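These notes are about the structure you will find just below.
Positions are given from 1, in the same order as the sequence printed here. This structure is a prediction, so every number in the text was calculated from the model and none was measured.
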Amino acid sequence: MQDEYRTVARAGTHETEVNRSRFLCALAPAATEREAQDFVAAIRKEHADATHNCWAYVVGADASVQKASDDGEPGGTAGVPMLQMLLRREMRYVVAVVTRYYGGVKLGAGGLIRAYGGAVGEALDALGTVTRRRFRLATVTVDHQRAGKVQNDLRATGRDVRDVRYGEAVTIEIGLPDADVDTFRAWLADATAGTASLALGGEAYGDA
């Protein structure tokens, strides 16, 4: 797995105008290819009267899925430059749809490439990006007497507390960088006089 990746901070739309043509770039995070395709379909439906709805998406922390469509623009002048812009910015798990309303002036191949790629770049700048870092899911099991202090200490040191469940004991689910596991295990033993246990789970990504 990649140690980290970047994605768009939030879904949103940014509009630019080039020679009287309107270019609306809609961006959204997409955890799966199905999510990306559903987003494309929703934008196409919303802008069914547009001249073109070109799209590109990158799914996978290692960019294993990359797809793009020119939607009727000359081959290679829309979807590919959009995809290239996402990859140049090292974006992952993201989908972009650029809706064009033709303004009566032909842009030519070079103009189209610049307009579509530029629309994605400007939208990324406007909406912002976030870095997500790989971490290990871990579960701390501790008695009720010590649970409150452990939770407070975890939050005070900036640990990612993801879930807390109360039963016979208290289980606290956290995210840990792999490099911190040994240090954390030693801290936990010290903080709870050896009464707490730590179980390591799978890997996931969270905000860096």
Applying side chain to side chain contact (heavy atoms under 4.5 Å, CB included), can you list everything that pairs with [X], at least two apart in sequence or on another chain?
X: Glu122; value: His14, Thr16
X: Gln37; value: Glu33, Arg34, Tyr57
X: Val105; value: Asn19, Arg20
X: Asp70; value: Glu73, Ala78

Under 4.5 Å between side-chain heavy atoms, counting indirect links through other Ile/Leu/Val/Met/Phe/Trp/Tyr residues: same cluster for [X] and [Y] or not?
X: Ile172; Y: Leu200; answer: yes
X: Val142; Y: Val181; answer: yes
X: Val161; Y: Val150; answer: yes
X: Leu107; Y: Val120; answer: yes
X: Ile174; Y: Val164; answer: yes

Look up atom [atom1] in [X] and atom [atom2] in [Y], then write down how far apart they are to the nearest 0.5 Å.
X: Phe135; Y: Asp180; atom1: CZ; atom2: CG; answer: 12.5 Å
X: Arg146; Y: Gln151; atom1: CZ; atom2: CD; answer: 15.0 Å
X: Trp55; Y: Lys67; atom1: CH2; atom2: NZ; answer: 7.0 Å

Main-chain N/O of Leu87 paired with Glu90 side-chain donor or acceptor, under 3.5 Å: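 Such a contact is absent between Glu90 side chain and Leu87 backbone.
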Under 3.5 Å, side chain of Asn53 to main-chain N/O of Val98, donor-acceptor pair present?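 Such a contact is absent between Asn53 side chain and Val98 backbone.
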side-chain contact (heavy atoms from CB on, under 4.5 Å) between Met85 and Met82, intermediate numbers included: CA-CA 5 Å; Met85 180 60 73; Met82 290 168 62; 5.9 Å; no
Nearest heavy-atom pair of Val59 and Ala31: which atoms, and what distance?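 Heavy atoms only, the tightest pair is CG1-O, 3.9 Å.
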Measure across Gly76 and Ile113 and return the closest heavy-atom pair with its distance rounded to 0.1 Å.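 Closest pair (atom of Gly76, atom of Ile113, distance): O-CG1, 4.0 Å.
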Would you tabulate the side-chain donor-acceptor contacts of residues 183-197 under 3.5 Å, counting partners in other chains and residues two or more places apart, or write 'none'?
| from | atom 1 | to | atom 2 | distance (Å) |
| --- | --- | --- | --- | --- |
| Thr192 | OG1 | Leu188 | O | 2.8 |
| Thr192 | OG1 | Ala196 | N | 3.2 |
| Thr195 | OG1 | Thr192 | O | 2.6 |

The test is side-chain contact (heavy atoms from CB on, under 4.5 Å); show your working for Arg159 and Val140 and say whether it passes. CA-CA 12 Å; Arg159 292 293 181 198; Val140 174; over 6 Å; no
In the hydrophobic cluster built from side-chain contacts under 4.5 Å, what are the other members alongside Val80?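 Val80 shares its hydrophobic cluster with no other residue.
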Whether the Tyr101 and His52 side chains hold a donor-acceptor pair (N or O, under 3.5 Å, no angle test) is what I'd like checked.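 Per modelled atom types, Tyr101 and His52 side chains form no pair under 3.5 Å.
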Set of residues satisfying side chain to side chain donor-acceptor pair (under 3.5 Å) with respect to Asp163, sequence neighbours excluded: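 So Asp163 forms a side chain to side chain donor-acceptor pair (under 3.5 Å) with Arg165.
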Kindly state each residue pair satisfying salt bridge (charged side-chain N to carboxylate O under 4.0 Å, His left out) with at least one member in residues 39-54, sequence neighbours excluded.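 Found Arg44-Asp71.
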Salt bridge (charged side-chain N to carboxylate O under 4.0 Å, His left out): which pairs involve residues 104-117, sequence neighbours left out?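 Non-adjacent pairs meeting salt bridge (charged side-chain N to carboxylate O under 4.0 Å, His left out): zero.
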Considering only distance and modelled atom types, tabulate donor-acceptor pairs under 3.5 Å from the side chains of residues 21-30, sequence neighbours left out.
| from | atom 1 | to | atom 2 | distance (Å) |
| --- | --- | --- | --- | --- |
| Ser21 | OG | Arg100 | NE | 3.3 |
| Ser21 | OG | Arg100 | NH2 | 3.2 |
| Ser21 | OG | Gly103 | N | 2.9 |
| Arg22 | NE | Glu15 | OE2 | 2.7 |
| Arg22 | NH2 | Glu15 | OE1 | 3.4 |

For Val95 and Glu35: C-alpha separation, side-chain torsions, deciding distance, then whether side-chain contact (heavy atoms from CB on, under 4.5 Å) applies. CA-CA 9 Å; Val95 54; Glu35 275 188 31; over 6 Å; no
Taking distance alone, no hydrogens or angles, what donor-acceptor pairs closer than 3.5 Å link side-chain atoms of residues 6-13 to residues at least two apart or in another chain?
| from | atom 1 | to | atom 2 | distance (Å) |
| --- | --- | --- | --- | --- |
| Arg6 | NH1 | Arg89 | O | 3.0 |
| Arg6 | NH2 | Thr129 | OG1 | 3.2 |
| Thr7 | OG1 | Arg92 | O | 2.8 |
| Thr7 | OG1 | Tyr93 | O | 3.0 |

Which residue pairs pass the ring pair (Phe, Tyr, Trp, His ring centres under 6.0 Å) test with at least one member in residues 61-84, sequence neighbours excluded?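 Not a single pair qualifies under ring pair (Phe, Tyr, Trp, His ring centres under 6.0 Å).
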Residues Val58, Val65; criterion side-chain contact (heavy atoms from CB on, under 4.5 Å); working and verdict: CA-CA 6 Å; Val58 181; Val65 179; over 6 Å; no
